[in-house]
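Okay, structure first, notes after.
Here is how names work: the chains are called A, B, and so on, in the same order as the sequence lines, proteins then strands, and each is numbered from 1.
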Amino acid sequence: MTDFLDAVTAAAESDRAAVAAVLDEAGVVLAPTAPTPHILEISRVCFSGTKHLEGHEPEDFVYDRSMGPGLWVVASNHNLAGKSTILNVIRWALTGRTGRLRDDVRSWIAAVTVEGSIDDQTFVIDFTDDGAPRGTLTDHGQPAGTFSGDDEFEALTGAFFSDRLGLDPTPFWQRREGGDESEGDARRLGWQGYFPALHVRSGSGPLLGEQVQGGQAGTLMQVFLGLPWALTAATARVGRRVVQRDLNAMRRRARDDRQAREAAREPLRNQLDTARARLAALEAQGAAPTPAEIDQRMSRYNTAATALSAVQDEVRAARATLSLTTDAVDAATRRHLALKETAVIRPLLGRIAPTECPRCTHHLEDVKEHREAEDHCFVCDAPLQDVVEDEAEVAEAEQELADAQAAHAIATAELDAAAAREAELQIEHDTARAAVAQIDTQAPAIAERAEVVQQIAVAEALLEQGTQLDATDDAHDDLALREKILGVAQGEAENRRAEAARDFLQRLGSEVVDLGKRFGMPNLEAADPKLGATMKLTIGGAESNFGSLTPGEQLRVRIATLIGLLRIGVDLGIGRFPGLLLIDSPGSEEMVEVDAAEILAEITAIAAEQDHLQVIVATARPELIGDLAGGDRFIGGADLGMVF
Amino acid sequence: MSDNLHRASREQNFVRLLFVLDRAGVVPAATSPEGAYRQMRGQTRLQALDFWMRNPDYLADELISDYEADPSRTWALDAARGILGSREPAIRRLPMLKWRFGAWEPLDDTLAIMTSRRLVTHRPDAGQQRVREHLYWLMDAGHDITEQLLAGDTGVFGWYADRADLVARIAGDTGGEALKHRQYEHPEYKATNPMKPIRSIEGRVRDRLEALEAAAA
């Protein structure tokens with residue numbers, strides 16, 4: 001058989017460490033538990049008081065009997081002789097609860113002492129009662145506690161016997177009144193809850209114990225059996241219920257939160273719509289430039305200003321250059337004109353011979369004949385400038401002028417271009433500056449816009465947050481996983497327990513049928529007990545539940561079941577019955593003599609079979625037991641009269 | 001505008017004075033020599049007229065004043081626009097040195113060119129008290145040369161003819177001293193130190209024309 005933890009890990013498709021953590025937290029026991037029975041034995045019952053019966057004088061009484069293992073009979077021919085009282089007093093002393101002890105009978109009792117042993121270690125419970133019990137517990141000769149009042153009595157006995165009998169700290173699920181299946185609390189079976197299993201009464205009720213509530217009967221089954229994996233299954237089951245409860249609570253809370261968020265969302269959405277509409281209106285009006293636009297305007301202005309400044313420098317430079325070229329053109333023009341004019345005048349003058357002295361105006365009649373060659377001045381014979389040289393100079397000057405004009409044209413073009421750019425950039429600059437100046441006038445709208453943008457951002461963020469919360473709320477992954485793991489563990493443990501129980505239950509069923517027939521149910525054909533202490537029975541071909549049997553049939557089956565549990569438990573080595581069995585009036589109800597005799601015979605037999613079994617039977621039909629018990633085992637009243 | 005110290009050639013001085021005499025001279029008196037085409041009294045006048053030939057900015061200013069005095073003289077405004085609208089003030093300016101109370105530019109060499117060839121004649125004016133005053137006559141031969149020059153490449157010497165006409169018109173029959181005085185009254189002229197070139201008034205004249213144009217608009 002594979003390791004339990006591995007089996008759960010595989011089935012849950014998780015990892016071993018995670019599964020171990022979950023099971024550990026829920027207190028799930030990972031190994032099959034073997035029963036370690038502790039034997040409880042009553043050695044003495046003693047109580048005293050004063051009987052008050054109507055029409056009678058108050059009568060003091062004392063009851064004091066010792067006993068040991070085996071069958072003991074409290075018998076009387078009379079009803080209301082106090083047979084049940086003995087059993088009830090034992091129960092009262094051991095649990096602190098009066099149970100079925102009648103109030104009037106209780107009021108008669110003044111003092112009680114019950115002695116016994118658990119695993120051969122003695123204990124004494126000793127108390128007085130005048131409406132409220134007050135007493136002591138002595139354990140192995142040592143004082144082990146005192147109590148005063150019902151609550152303390154219950155608490156002390158509960159703790160003592162739970163501990164000494166090694167009762168499983170087995171949890172069961174107590175459903176909350178009016179709640180659904182998942183609403184409940186984990187409860188542990190206390191000694192007070194245990195005890196009713198040892199006290200078999202007639203009358204209708206569950207197969208075992210006294211309470212029908214969820215799982216307790218099945219849990220009581222464990223009083224008699226230590227089915228392996230029972231504790232594991234129980235702890236897993238209860239652990240799972242706890243997680244389910246918490247999970248549902250969380251889901252409920254999450255649902256409520258989500259609804260609250262949704263409710264809050266509505267006004268938030270309205271706020272958002274309003275703000276968005278306002279923003280749209282502002283933008284449609286163009287009343288408020290966005291921060292990005294403002295930056296853009298500033299940057300555009302800066303760029304324009306810089307560009308304008310640069311082009312203005314260019315224009316200045318172009319003007320300066322143009323001025324230089326203008327000067328150059330002027331100079332070249334002057335030179336050209338001078339040369340051209342001079343080139344015409346000079347030869348013209350040269351052809352006119354002076355007739356007077358330039359200084360004294362004396363007539364120059366006898367001037368020398370001017371030479372034919374015109375390359376010397378005929379007055380002073382100085383060489384004359386050649387026309388060709390003149391023309392060459394003029395041509396050169398013309399070229400220079402053309403060059404200067406070309407340069408001037410270029411400079412003009414450049415200046416024009418620069419000026420044109422300047423004009424464009426000036427417009428751009430002025431426009432940009434106006435746009436920036438406008439910002440001041442738009443300041444209130446800008447502020448409003450910023451505020452509205454902020455509102456939108458906040459509303460959107462809150463809505464987004466809500467959406468995200470909605471998404472994460474549904475997770476509860478952790479709890480869901482734990483629930484899954486515990487469910488798997490429960491299933492695995494129940495399977496293993498079921499396997500172990502299958503064999504047992506089969507045999508129990510046979511035993512119940514066997515005994516049932518002998519107890520007076522000849523038509524009992526089949527019995528199918530379950531671990532939950534329910535039983536299907538086939539009687540005369542018809543199927544019925546335990547609950548639908550008559551009280552008499554129920555008593556027979558109950559006793560048959562108990563005996564079966566005891567016997568087979570021992571046979572299979574899974575018995576863990578504490579040894580004390582109180583049976584009240586097994587021969588009552590519609591018992592036929594034979595049946596009652598059978599029952600009592602069987603009870604006697606089982607008491608003899610098992611060493612540690614101590615059965616105390618209260619019956620009104622002592623004759624049926626007869627020799628079975630042996631004379632000294634009668635602990636009833638004298639002459640089968642009043643017990644006390 | 002640079003204060004250019006361009007000097008004209010002998011030939012340019014010759015042709016300029018030739019046209020001044022030709023266009024600003026008056027019909028010769030009966031006592032004039034044979035073959036005289038035009039006459040002009042006094043070197044002062046000649047120099048004053050030459051001043052306007054050599055200083056287009058001063059001439060333009062004079063034209064504007066003339067127009068302002070009598071707005072019917074639109075020719076004066078047009079002429080001023082023409083001068084200032086071209087490169088003439090830069091190209092044709094031939095600054096003269098200032099001497100005491102007037103422009104000083106010896107005309108002797110230029111006149112010698114003319115007189116030695118009998119293109120111009122002069123003699124002291126007998127009718128005057130001061131000996132310095134001369135009478136100048138442009139002879140027919142001199143006039144012929146002007147025609148000859150104009151008949152040639154008109155683009156070259158046309159300016160001299162037009163300008164001389166304009167100067168003659170603006171001067172009217174005002175005496176030489178009076179003309180010189182008009183020129184001297186310009187603060188820039190007055191402020192010029194002796195033997196320094198007489199300063200340009202181009203900037204002021206342009207502003208004046210601009211203001212006039214703006215007012216008219």
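Residue B/Leu111: no heavy atom, backbone or side chain, is found under 4.5 Å from chain A. There is no contact between B/Arg10 and chain A, counting heavy-atom distances below 4.5 Å. At a 4.5 Å heavy-atom cutoff, the contact between A/Leu337 and chain B is made by backbone and side-chain atoms alike.
Judged by the 6.0 Å distance and 45° axis criteria, A/Arg346 is not positioned over the aromatic ring of B/Phe14.
Below 30°, between 30° and 60°, or above 60°: for B/Tyr58 and B/His186 the angle between ring planes is above 60°, a perpendicular geometry.
Salt-bridge formation is detected for the pair B/Arg54/B/Asp50: a Lys NZ or Arg NE/NH1/NH2 atom is positioned less than 4.0 Å from an Asp or Glu carboxylate oxygen. The pair B/Arg93-B/Glu88 does not count as a salt bridge, with every side-chain nitrogen at least 4.0 angstrom from each carboxylate oxygen.
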